[in-house]
Number of protein chains: 2
Amino acid sequence: MLSKKCKYAIHALVYLAERYQQGPVHIQDIADAQHIPKKFLEAILLEMRNAKILHSKKGKGGGYYLYKKPEDVNLVEIIRLMDGAISMLPCVSINYYERCEECRDEVTCGIRDAFTGVRDETLKVLSRSTLAHIVKRQRDLGK
Amino acid sequence: MLSKKCKYAIHALVYLAERYQQGPVHIQDIADAQHIPKKFLEAILLEMRNAKILHSKKGKGGGYYLYKKPEDVNLVEIIRLMDGAISMLPCVSINYYERCEECRDEVTCGIRDAFTGVRDETLKVLSRSTLAHIVKRQRDLGK
DNA sequence: CCTAAAGTCTACTAACTTACTAGATTTATA
DNA sequence: TATAAATCTAGTAAGTTAGTAGACTTTAGG
C-alpha cells in the first residue's frame, strides 16, 4: 500500500498538472481542494521541489507550479521519491537493492524469480502513467 | 514492500513444499534452515494452519506439513493472509476495498484508473506463482 | 520602506505497526 | 510417565507514519 504522503503527492501533482502553465498555485488552494492537511502538504511539495519536479515562488502571489512537463512525470518517479522501492522484495529492487539475508543463492531462488516478474509488470504500467495521461484520462471519463 | 512476516511465511512454505508428503517437519528445523526466529515462526505457521494451508501434528514426532497441494497455493493467497491487500490503493483493492477520502468520484478518477492496471498485472503474475512453480523453478535453476 | 501574504526551516509528538520474546499449557508418543 | 512437540496468552522495544507548532525568510504592492 502507498503511504498517505504518497497519495497526497499524486493528488497534488495531478491538481497542478490540470493547471499547467497557469501560474503559481497556493499551497492552501491545493490543500483545500484535495483535503490534505496544509502543513503536511508543505513538506511534501518541498520535497518535490527539491527533486526538480516542481518550482515555487515565494512571497505575495507566490505558490507552486509544475516544473517538469506533465508528460515527463510518471508514477514511478513519484512513488520512488515518496515511498522508496517499487518492488515487493529488497533483493529484486532496482533502486533500493538489498541482499536477502534468508536466501543462500539469489540466482537459484524461485521466490526472487517470481517477484522479479511482478516488479517488471508493475514498472511497465506505472511508467506509462504520466500526469498528462492521468489528466487526459479523467477528462475523457467526463470529469 | 512485503513485511518480514510475509517473507518468512513464503520461505517456510517453499521449504515445506520441497518436503511435500514426507511427514511433519519441526518448527525448529524450518527456523534453522530459513534463519527465522523460532517463536515468530510459530505464530506464522499457526496462522497458516488456521487458514487451512498447513496441518500440524502435536506431541513427539509432530510438526507442520502442507495440507493444500503445492500447485494450489499461490503467492496471492499467502500475501493476502500475511500482509493484507495486494493493491497499492485501498480504493482499487478487491479484498480490502475502502473508499478514497480524497477523491470525489471514483469512476472519473484517473489515479484510480492507473492503479487498477497495476493491480491486475500484479495479480496475474502472483497467481501464476504457486509453490509447485517456485520449487520446480529452483530445481531447474540447479539448486 | 512597510506590511501582508506567501513559502521555508527546525523541531517535536502521538498513534500505529512491526518484529519480535517469555512463559505457561496442552497434546501425543514411546 | 517422561519428554518432545505444538499452542496460547501476554506482553514490549524500536521504527515508521502522519501529522503539528512556531519562528523565519522572501516578495509584491501600496
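Labels below follow one simple rule: chain letters A, B, ... track the order of the sequence lines, proteins then strands, and each chain is numbered from 1.
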Send over the distance from B:F40 CZ to D:dA6 C1', rounded to a whole Å.
-> 18 Å
Nearest-angstrom distance from the residue atom NZ of B:K57 to C1' of D:dA6 = 12 Å
Name all residues meeting the side chain to side chain donor-acceptor pair (under 3.5 Å) criterion together with B:D32; count only those two or more places apart in sequence or in a different chain, and write none if there are none.
-> B:Q28
Could you list all the side chain to side chain donor-acceptor pair (under 3.5 Å) pairs where at least one residue sits in residues 67-81 of chain A, not counting sequence neighbours?
-> A:K68-A:E77
Which part of the nucleic acid, if any, lies within contact of A:I27, taking any heavy atom under 4.0 Å across all strands shown: a base, the sugar-phosphate backbone alone, or nothing?
-> sugar-phosphate
Using atom NZ of A:K60 as one end and atom C1' of D:dG30 as the other, report the distance to the nearest whole Å.
-> 8 Å
Start at the 5' end of DNA chain C and walk down; is the nucleotide closest to B:G61 or to A:H26 reached first?
-> A:H26
For B:M1 and D:dT16, give me the distance from atom CE to atom P, rounded to whole Å.
-> 13 Å
Within 45° of the ring axis of B:Y15 and under 6.0 Å from its six-membered ring centre, is that where the NZ or CZ of B:R19 lies?
-> yes
Rounded to the nearest angstrom, tell me the gap between atom CG in A:L2 and atom P in D:dT17.
-> 12 Å
B:H55 (side chain) donor-acceptor with B:L66 (main chain) under 3.5 angstrom | no
Considering only heavy atoms, which members of residues 46-54 of chain B lie under 4.0 Å from some atom of DNA chain D?
-> B:L46, B:R49
In numerical order, the residues of residues 82-97 of chain A whose heavy atoms come under 4.0 Å of DNA chain D are none
Check: protein-nucleotides 21-24 of chain D nitrogen or oxygen pairs below 3.5 Å:
| unit_1 | atom_1 | unit_2 | atom_2 | d |
| --- | --- | --- | --- | --- |
| D:dG22 | O6 | A:K39 | NZ | 2.1 |

B:K38 NZ - D:dA5 P separation (whole Å) = 8 Å
Give the first and the last nucleotide of DNA chain C, reading 5' to 3', that has any atom under 4.0 Å from a heavy atom of chain A.
-> C:dA5 to C:dC9
